[in-house]
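Here the structure comes first, spelled out in structure tokens, and everything after it is commentary.
A quick note: this is a predicted structure, and the numbers were derived from the prediction, not measured. Here is the naming used below: chain letters follow the sequence lines, and residue numbers restart at 1 for every chain. Below, all heavy atoms of this structure are taken into account, side chains as well, without hydrogens, waters or symmetry copies.
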There are 2 protein chains.
Amino acid sequence: MTPPPRRVTQRDIARMAGVSQATVSLVLNNRTDADVRIAPETRDRVLQVIAETGYAADPAARRLASGFNRIIGVFTYEPAFPSGSRDFFHPFLLGIEEYAERVGCDLLLFTSAPVVDGRRRIFHQDNRLRLADGCILLGREIDGAELLRLNRDRFPYVAVGRRDDAGGPVPYVGADYASAVHRLAERALDLGHRRLTYVGMGTAAESSHDRRRGFHAGTAGAESARQITATALTADATVDDLRADGSTVVFVEDFATAVALESAARRSGLTVPGGLSVVTLGDPTVPVPTDITFTGFRIPREEMGRQAVEVLTGVIDGSAGGLQQRLLPCELVEGDTLGVPGSAVDRR
Amino acid sequence: MTPPPRRVTQRDIARMAGVSQATVSLVLNNRTDADVRIAPETRDRVLQVIAETGYAADPAARRLASGFNRIIGVFTYEPAFPSGSRDFFHPFLLGIEEYAERVGCDLLLFTSAPVVDGRRRIFHQDNRLRLADGCILLGREIDGAELLRLNRDRFPYVAVGRRDDAGGPVPYVGADYASAVHRLAERALDLGHRRLTYVGMGTAAESSHDRRRGFHAGTAGAESARQITATALTADATVDDLRADGSTVVFVEDFATAVALESAARRSGLTVPGGLSVVTLGDPTVPVPTDITFTGFRIPREEMGRQAVEVLTGVIDGSAGGLQQRLLPCELVEGDTLGVPGSAVDRR
DNA sequence: ACCGATCGCTAATACGCATTAGCGGCAGCG
DNA sequence: CGCTGCCGCTAATGCGTATTAGCGATCGGT
């Protein structure tokens with residue numbers, strides 16, 4: 001751990017240009033305030049030396065002195081590039097990077113965050129959070145206690161995905177699941193469905209809650225609209241359960257579960273969508289092999305990433321005002337798995 | 001741009017624990033040298049206060065004072081998460097993240113690097129390079145001048161992919177393309193091929209050069225082994241050219257080009273591999289729809305990322321010694337596109 | 001009882017930059 | 001000629017931490 005060799009500093013530049021270190025700093029920051037004037041020839045001389053030496057300010061010192069350094073932290077509650085969550089995080093990062101590049105920010109990925117009780121923690125002994133001007137939070141579930149702390153510390157941040165209040169409103173850029181599911185439910189009713197079942201994953205995440213809320217709101221005119229949990233049963237057992245209930249359509253939270261249900265339904269003699277309609281409530285987050293285009297909606301992940309950075313920069317420089325919470329619309333996907341009920345072919 | 005609110009500092013901790021700031025620092029860094037002793041009860045008292053306040057050292061100040069901060073810079077010569085290069089960078093990042101997490105490092109992505117003359121530049125007015133202890137360079141082609149500068153500045157770095165010297169040896173973790181192509185060429189000769197053609201992309205990148213070198217070395221016993229450039233001709237024209245030359249096998253640098261050639265060959269009445277064998281020299285970097293398993297090799301991208309971080313940590317703490325250059329073997333893929341020549345079916 | 005050696009801690013300084021009060025010089029004005 | 005005001009710049013200070021020299025106290029030895 002030998003310290004790195006000494007680099008060129010502003011003092012060096014100052015000496016070479018025959019000015020003071022302060023002048024170098026002023027020139028570098030292009031300060032042209034009324035009370036800080038630098039003669040054009042002096043400025044040019046300093047810039048000349050800077051160009052010759054290829055000097056660039058030490059970002060750590062700059063940050064320490066000024067409090068800012070144009071770095072945006074990115075915290076992922078799971079590793080950012082795992083094969084498993086690959087298709088989940090990637091679009092977000094795509095948008096985040098794009099906007100960060102546009103506004104000239106670097107990205108600091110907090111990969112060092114240790115895992116405690118099965119999830120990553122922002123706050124730990126050696127967190128480098130404060131190296132960033134603010135940070136973006138990614139993850140299906142985010143610990144409320146950590147949000148609380150971020151709020152308390154007044155650390156600028158934006159969550160990707162809607163979050164409940166945590167000692168104050170949580171800035172976020174989310175997807176409007178409630179509205180999307182609502183519209184899908186109405187469409188099912190329009191097609192003649194009267195008994196609907198929502199198959200959830202049994203998680204407490206806001207994203208899950210919003211979908212259920214949308215389902216509930218959209219099925220007000222139904223004969224029956226119940227909610228069950230996928231993990232409790234196998235796909236085949238779930239299909240049996242649906243038959244027993246008389247449901248003609250399922251709204252499935254998890255894409256892979258929808259795929260499994262669809263094939264289980266057909267296996268049991270039900271056509272899709274005639275015998276059973278299957279609506280998915282989100283893009284696949286893990287690769288699932290299927291040729292079917294499911295009816296559902298598309299989550300604007302990339303755009304969420306972009307806007308998260310946009311909102312964050314607003315939060316950082318205090319210009320955000322009240323609009324620190326955004327819900328982006330989801331585009332509905334006209335798939336092949338939602339249709340008129342009653343054309344079931346039951347071969348049992 | 002109002003400065004962020006004052007945070008808890010070591011001075012605050014010191015006051016609360018009734019010790020000096022220096023003591024807090026010593027406790028925090030767990031210093032147990034012979035010439036620095038802290039009474040256990042004092043240490044506990046300080047740790048107690050630290051735990052209560054949830055204090056974490058300011059990384060900028062820490063970096064300024066010590067010269068290190070466990071941050072690894074990642075520089076990509078193209079945006080890191082674009083759809084186009086998606087499958088190219090992702091595996092590297094996967095490995096990089098994994099190893100960084102293991103050694104407790106954060107990753108700093110230099111997304112702010114501006115584009116000059118069509119490529120990103122590491123060194124620019126406002127680069128945050130020195131915020132990291134070292135950095136990893138990703139990209140098909142890396143500017144030699146920037147490598148030179150890194151060497152001159154003695155900034156720790158590791159390139160992913162072999163690089164030619166640039167004012168001294170360049171630390172890298174690359175894939176052994178030369179050996180892989182060499183072996184494939186020998187295999188072609190073994191199968192009876194006598195006239196071979198290498199279809200390159202006409203780039204000056206080391207990776208490209210290594211493949212050609214392997215091709216050259218592996219085809220010493222051939223009747224003809226020539227090299228042409230793909231971009232000069234359409235796939236159909238290239239196939240005509242191959243026929244005219246009497247080539248029975250093509251070694252194709254770019255995966256997408258290989259896909260195009262294969263279908264062009266079949267379109268022109270050649271069977272694959274009987275009429276024309278097609279060997280690919282790298283994994284697809286952009287999604288190309290094909291059902292064929294091409295004969296070629298696999299680039300250990302993920303492992304390259306991992307080992308790049310490993311080598312970098314060695315370079316940073318000076319323990320790397322001479323082993324700062326690694327070439328990882330590529331696993332050959334037994335596909336369906338390399339076979340015995342002469343069984344061509346020419347329907348022309 | 002005196003001296004040297006440890007022990008436990010602190011004061012002081014450096015790290016490189018941003019910021020501000022203010023200094024010397026010069027011009028303009030009366 | 002003296003005063004005011006502006007111009008161009010610098011000295012000084014702070015940001016929060018790591019590091020080191022060294023101080024007072026205690027202890028062991030003779």
Residue whose nearest DNA chain C nucleotide is more 5′ - A61(B) or P40(B): P40(B)
Is [X] near enough to [N] that one of its side-chain N or O atoms lies under 4.0 angstrom from OP1 or OP2?
X	N	value
R62(B)	dA18(D)	yes
S25(A)	dA18(C)	yes
S20(B)	dA11(C)	no
Y55(B)	dG16(D)	no

Atom [atom1] of [X] to atom [atom2] of [N]: distance rounded to whole Å?
X	N	atom1	atom2	value
L131(B)	dC17(C)	CG	P	13 Å
R7(A)	dC17(C)	CZ	P	12 Å
L64(A)	dT17(D)	CG	P	9 Å
I38(A)	dT10(D)	CD1	P	8 Å
F68(B)	dT19(D)	CZ	P	11 Å
D44(A)	dC9(D)	CG	P	11 Å
N30(A)	dT19(C)	CG	P	13 Å
L26(B)	dA12(C)	CG	C1'	14 Å

Between A22(B) and R37(A), name the one whose nearest nucleotide on DNA chain D is closer to the 5' end. R37(A)
Between R130(A) and Q21(A), who's closer to the 5' end of DNA chain D by nearest nucleotide? Q21(A)
Is R11(B) atom CZ crowded by more than 12 heavy atoms from other residues, nucleotides or ligands, each under 6.0 Å away? no
Can you confirm whether more than 12 heavy atoms, excluding those of E52(A), are under 6.0 Å from its CD atom? yes
Which part of the nucleic acid, if any, lies within contact of T23(B), taking any heavy atom under 4.0 Å across all strands shown: a base, the sugar-phosphate backbone alone, or nothing? base
Determine the contact category for V24(A): base if any of its heavy atoms lies under 4.0 Å from a base atom, sugar-phosphate if only primed atoms, P, OP1 or OP2 are that close, otherwise nothing. nothing
Quick one: which of [options] gets closest to the side chain of [X]?
X	options	value
T9(A)	dC17(C), dT20(D), dT10(C)	dC17(C)
N29(A)	dC9(D), dT19(C), dA18(D)	dT19(C)
Q10(B)	dT17(D), dA18(C), dT10(D)	dT17(D)
A65(B)	dT19(C), dC17(C), dA18(D)	dA18(D)

Can you list the residues that meet the ring-ring contact (aromatic ring centres under 6.0 Å, His included) rule with F75(A), with sequence neighbours excluded? Y77(A)
R326(B)/E303(B) salt bridge by N-O under 4.0 Å criterion: no
Name of the residue among I136(A), V170(A), L129(A) meeting side chain to side chain contact (heavy atoms under 4.5 Å, CB included) with Y157(A): V170(A)
Cation over ring, R149(A) on F123(A), under 6.0 Å and within 45°? yes
